[in-house]
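Input: a single structure, listed below in structure tokens.
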Amino acid sequence: MQREELEHRAAIHAHLRGALAIPAGLLFGLAALGNEQVGPFRHDWVFLAGLAVLGGAYALIARAYRRHYGRVSPSGGEQLRSVVALVLAVALVYGGSLLLRSRAGFSLDLPVNPIAVTFAIVMLASYAIGRVLRPHHAAVYGMLLAAGALPVWHGEDPSNVALMLCGAAIIACGVLDHIAFTRAFPAPAVDG
Amino acid sequence: MAELDRLVHEPGRLAILTVLSSVADADFLFLQRATGLTKGNLSSHLSKLEDAGLVRIDKRFVRKKPQTTLTITDAGRERTARHWEQLEALREQAQAVSASQASQSARRSAASSRVRPA
């Protein structure tokens, strides 16, 4: 095994536990439905119940990963990279959305979907900073970026559509990440 | 050239130390998955590394379940890095010798093709 491959195992463990992305992606969908007040989601308690279910699912999946793949504490460098990625993410999504399309005086007011655009860029950057960027990330978030950047989003605020698209992208990448993760950590050998 | 570190050089132990050098700490299961070693092999290597002061093993109970946390020591980190540097230096030497031999062989065949009678 090469040195880089071994040193990279912790980064893969930290960033490619893709099954966790499924409840996270569904949360985006839940938020969009709650905003639109569609059907039962016009009641706040339905949203809160959905949140609790997704939170429970997330915790169970995290426990399953720990049980089958172990636990690792990231190095100081890795933690710093995560903090940098998070700060950049917040700044980019918030600032970028205001710049591209908002009621702010400095807004370019472009007919694009700012949340889809900025979210796609943030996800690609965070995978790159975590040193786990894969072709499927580029493909899925590239498509999200392209869809959001098309100048077709005239009229109403497209935020809820963006949330749905982002949720779908998160889930798609999550499934592929999990496949990559299980390949990186095959079943351990057994003593003869 | 300095002798290779025999304790660190063993592939299983080198893999263990290299993985641990990239994290703050890890548990036994993660290390087993990351290195592909069997439980028995991993335990045996970890004992040797702990005895040599390259790894620290912390065993405790968390919610009545045993948890083994492994951390590389400063000495372990230093010896691992030095070992990889030695391996890299050896690789570069081997590549230089191989390139030199290939070049000499090419010159010899060019020279022999010039003196061959028509």
Side-chain angles (χ1 to χ4, degrees), chain A residues 1-20 59-85 127-133 177-192, chain B residues 8-46 56 58-60 62-63 65-72 74 76-77 79-92:
Chain A
M1 240 185 242
Q2 297 293 330
R3 180 182 187 180
E4 289 78 22
E5 205 183 315
L6 288 165
E7 288 175 340
H8 203 51
R9 291 297 161 108
I12 292 173
H13 192 277
H15 297 289
L16 295 189
R17 286 174 293 160
L20 290 169
L60 284 173
I61 294 169
R63 191 166 78 170
Y65 271 121
R66 265 196 315 274
R67 187 170 288 168
H68 295 287
Y69 296 96
R71 183 197 54 78
V72 57
S73 300
S75 64
E78 194 60 50
Q79 288 185 48
L80 181 63
R81 268 190 287 278
S82 297
V83 168
V84 166
Y127 278 119
I129 291 170
R131 298 174 302 166
V132 291
L133 186 64
D177 283 350
H178 179 75
I179 293 170
F181 182 91
T182 55
R183 285 194 186 136
F185 295 101
V190 209
D191 287 301
Chain B
V8 174
H9 185 60
E10 201 285 334
R13 291 196 284 271
L14 183 56
I16 291 166
L17 290 168
T18 305
V19 169
L20 287 179
S21 66
S22 67
V23 301
D25 60 59
D27 71 355
F28 187 93
L29 180 55
F30 168 76
L31 207 53
Q32 193 188 356
R33 287 279 199 170
T35 59
L37 294 168
T38 64
K39 264 188 198 172
N41 265 347
L42 181 56
S43 292
S44 167
H45 287 315
L46 285 171
R56 197 164 47 240
D58 178 25
K59 289 184 182 173
R60 56 173 115 155
V62 175
R63 291 192 205 117
K65 284 184 187 162
Q67 190 179 82
T68 304
T69 303
L70 306 146
T71 315
I72 192 169
D74 290 341
R77 202 177 293 275
R79 280 171 71 172
T80 307
R82 196 180 331 133
H83 189 76
W84 279 114
E85 282 164 17
Q86 285 178 322
L87 290 179
E88 183 59 30
L90 276 172
R91 194 175 68 86
E92 283 168 7

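- Comparing A:Ser73, A:Ser75, A:Pro188 by heavy-atom pairs within less than 4.5 Å of chain B, the highest count is held by A:Ser73.
- A distance of 10.0 Å separates CZ of A:Arg3 from OG of B:Ser22, quoted to the nearest 0.5 Å.
- In this structure, CG on B:Leu29 lies 10.5 Å from CZ on A:Arg71, to the nearest 0.5 angstrom.
- Of the two parts of A:Ala11, neither the backbone nor the side chain holds a non-hydrogen atom closer than 4.5 Å to a non-hydrogen atom of chain B.
- Geometric assessment of B:Arg33 against the ring of A:Tyr69 yields a positive cation-pi assignment under the 6.0 Å and 45° thresholds.
- With a threshold of 4.5 angstrom between heavy atoms, A:Arg66 approaches chain B through N, CA, C or O but not through any side-chain atom.
- Under the 30°/60° scheme for interplanar angles, the aromatic rings of A:Phe185 and B:Phe30 are found to be tilted.
- Using a 4.5 Å cut-off between heavy atoms, A:Glu7 contacts chain B through both its backbone and its side chain.
- The OG1 atom of B:Thr18 lies 15.0 Å from the NE2 atom of A:His8; values are rounded to the nearest 0.5 Å.
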